[in-house]
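Here's the structure we're looking at; comments come further down.
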Amino acid sequence: MPEARRASQLPPPVVALAAWLLPGLGHSLVGERVRGIAIGVTVVSMYVGGLLIGGVRVIEVPGYDNDGRKIANTSTLNEVRIKPWSIAQVMAGPLGIASAAASIWAAGPDASGEPRGARSHVRVNEIGTLYTAVAGMLNLLAILDCTGRAGREAEK
């Protein structure tokens with residue numbers, strides 16, 4: 001049985017922001033609740049799976065080095081060029097921003113001067129980074145989809 005649709009009168013930018021804040025919420029706001037739940041579960045599961053595979057240090061934060069220290073005298077554009085996965089990772093929403101903060105914290109030294117969290121091995125790190133980036137790109141596609149649907153509803 002097809003799900004009941006509820007027409008949304010929200011403007012597309014509001015729907016896009018909601019979809020970024022909580023993956024799947026944008027589709028729920030345009031009346032596609034089942035699709036929203038499926039997208040939310042998929043994006044969050046894939047992102048958390050990447051963190052579980054490679055650890056929180058797979059999150060690449062522009063402007064910070066591998067020891068969690070702020071890099072002085074660097075341009076943001078150059079840092080993003082060096083760490084391109086950070087763009088896709090942040091598209092997962094506040095989950096991406098919170099895990100970036102956790103990555104910086106884990107890279108910092110503890111009382112003994114050692115990093116709180118170790119970087120994973122090369123292949124495991126790549127797989128974890130890939131999962132988190134694909135989750136962010138998938139959420140970007142979902143944001144574009146629900147924004148387009150909200151725009152079509154507004155035209156009616």
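Nothing fancy with the numbering, it's 1 onward along the sequence.
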How would you list, by chain and number, every residue that makes a side chain to side chain contact (heavy atoms under 4.5 Å, CB included) with [X], sequence neighbours excluded?
{"X": "R81", "answer": "N78"}
{"X": "P94", "answer": "W20, L21"}
{"X": "E126", "answer": "V122, R123"}
{"X": "I87", "answer": "V80"}

For the residue pair [X] and [Y], what are the closest heavy atoms and their distance?
{"X": "V56", "Y": "S99", "value": "CG2-O, 3.5 Å"}
{"X": "A92", "Y": "P23", "value": "O-CG, 3.9 Å"}
{"X": "E60", "Y": "S86", "value": "O-CB, 3.0 Å"}

Decide whether S103 and Y64 meet the rule of one side-chain donor and one side-chain acceptor closer than 3.5 Å. no
Under 3.5 Å, side chain of K83 to main-chain N/O of V61, donor-acceptor pair present? yes
Using atom types as modelled and distance alone, determine if a side-chain donor or acceptor of S45 lies under 3.5 Å from a backbone N or O of T42. no
Count I, L, V, M, F, W, Y as connected when their side-chain heavy atoms are under 4.5 Å apart, and connections chain through other members. Are I39 and L138 then in the same cluster? yes
Establish whether Y47 and L25 are linked, either directly or via other cluster members, by ILVMFWY side-chain heavy-atom contacts under 4.5 Å. no
Derivation of the side chain to side chain contact (heavy atoms under 4.5 Å, CB included) call for L10 and V30: CA-CA 8 Å; L10 294 172; V30 296; over 6 Å; no
Spatial distance of atom CD1 (I143) from atom CE (M91) [nearest 0.5 Å]: 4.0 Å
For residues 127-136, please give each side-chain donor-acceptor pair under 3.5 Å, one per line with the distance, not counting sequence neighbours.
from : atom 1 : to   : atom 2 : distance (Å)
T129 : OG1    : V58  : O      : 3.4
T129 : OG1    : N125 : O      : 2.9
T129 : OG1    : N125 : OD1    : 3.3
T132 : OG1    : Q89  : NE2    : 3.0
T132 : OG1    : G128 : O      : 3.3
T132 : OG1    : T129 : O      : 2.9

Any pair with a residue in residues 10-20 that passes salt bridge (charged side-chain N to carboxylate O under 4.0 Å, His left out), sequence neighbours left out, goes on the list, sorted by first then second residue, please. none
